[in-house]
There are 2 protein chains.
Amino acid sequence: MNGVPELLILKLLRDREMYGYEIVQAIRSQSDDVIAFGEGVVYPVLHALEQEGALRSRRKNVNSRSRVYYTVTPTGARRLEDLSAIWANLAGAIQKMLKGTYAKTTA
Amino acid sequence: MNGVPELLILKLLRDREMYGYEIVQAIRSQSDDVIAFGEGVVYPVLHALEQEGALRSRRKNVNSRSRVYYTVTPTGARRLEDLSAIWANLAGAIQKMLKGTYAKTTA
DNA sequence: AACTATACCTAGCAGTTCAATGTATGTCAA
DNA sequence: TTGACATACATTGAACTGCTAGGTATAGTT
């Protein structure tokens, strides 16, 4: 039914290069704590996406800390488009169903 | 992360009394086939909700077919409110994150 | 010295949803 | 009248997600 972590991660990375730990916090803060995926969710998704060729990574040392920065490949960009469309579709359908009343009167 | 079947089922039943098989098709048709939960999803949810006291059921015979009709209890109505709020929150947060750009240049 | 924050990672469980299958009845066409 | 399809109920077992909890290592703070 879902795939939200993948979607959000791809979206963030399309806007700018980021590293795992940063993504975890970006999701938290940008969603006002409504969504809070732990590292145990984010890291595996990053690895899987990289293996599928949707992301590319490179190590960078900042303040003697080793970070793995990720960027979106063309494949990943397409993937993002697909997931976005699916999500919009789904959210739209649910929204519509929750709004409508369709009471007994329509027989 | 989810709970969509529960949400949609409660919503449909709050509008009018329905039976399982009918719910399966209502979700399909009202969502224009975007959402299609099978019977293996709907029936267990109905049973669980009834056991929690969120639904009440009664047998009815129509054209020599035995149907189990469900209605929402006050407990179920509260449950629906809760799930709706959670969903709206979640969908809103995701929507917001997908729209925003936060790019390096703010393009 | 201990605690918190940064930064990476994995394993295993738990919950959800799906696909498949099964029963039984009714209807309609070949 | 037989076979196919629709109605209507139900369960089981697998698959997939995502979460909790753990583990390593460095740096800064108290």
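Order of the sequence lines sets the chain letters (A, B, ...), proteins ahead of strands, with each chain counted from 1. Model, not experiment: these values are computed from the prediction.
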Find out whether Ile86(A) and Leu7(A) are in side-chain contact, i.e. whether some heavy atom of one side chain is under 4.5 Å from a heavy atom of the other. no
Say whether, by atom type as modelled, one donor and one acceptor occur between the side chain of Ser57(A) and the main chain of Tyr69(A) under 3.5 angstrom. no
Can you measure Leu49(A) atom CG to dT17(D) atom P for me and round it to whole angstrom units? 12 Å
Begin from the C-alpha positions of Tyr70(A) and Leu49(A) and carry the test side-chain contact (heavy atoms from CB on, under 4.5 Å) through to its verdict. CA-CA 10 Å; Tyr70(A) 292 89; Leu49(A) 285 175; over 6 Å; no
Roughly, in whole Å, what's the span from CG in Asn61(B) to P in dA24(C)? 17 Å
Suppose the criterion is salt bridge (Lys or Arg N to Asp or Glu O under 4.0 Å): which pairs have a residue in residues 28-45 of chain B, not counting sequence neighbours? Lys96(A)-Asp32(B)
Per-nucleotide protein contact string for nucleotides 3-21 of chain C (B base, S sugar-phosphate only, - none; heavy atom under 4.0 Å): --BBBBBB------SBB--
Inspect the contact between Arg14(B) and Glu81(B) and indicate whether a charged nitrogen and a carboxylate oxygen are less than 4.0 angstrom apart. yes
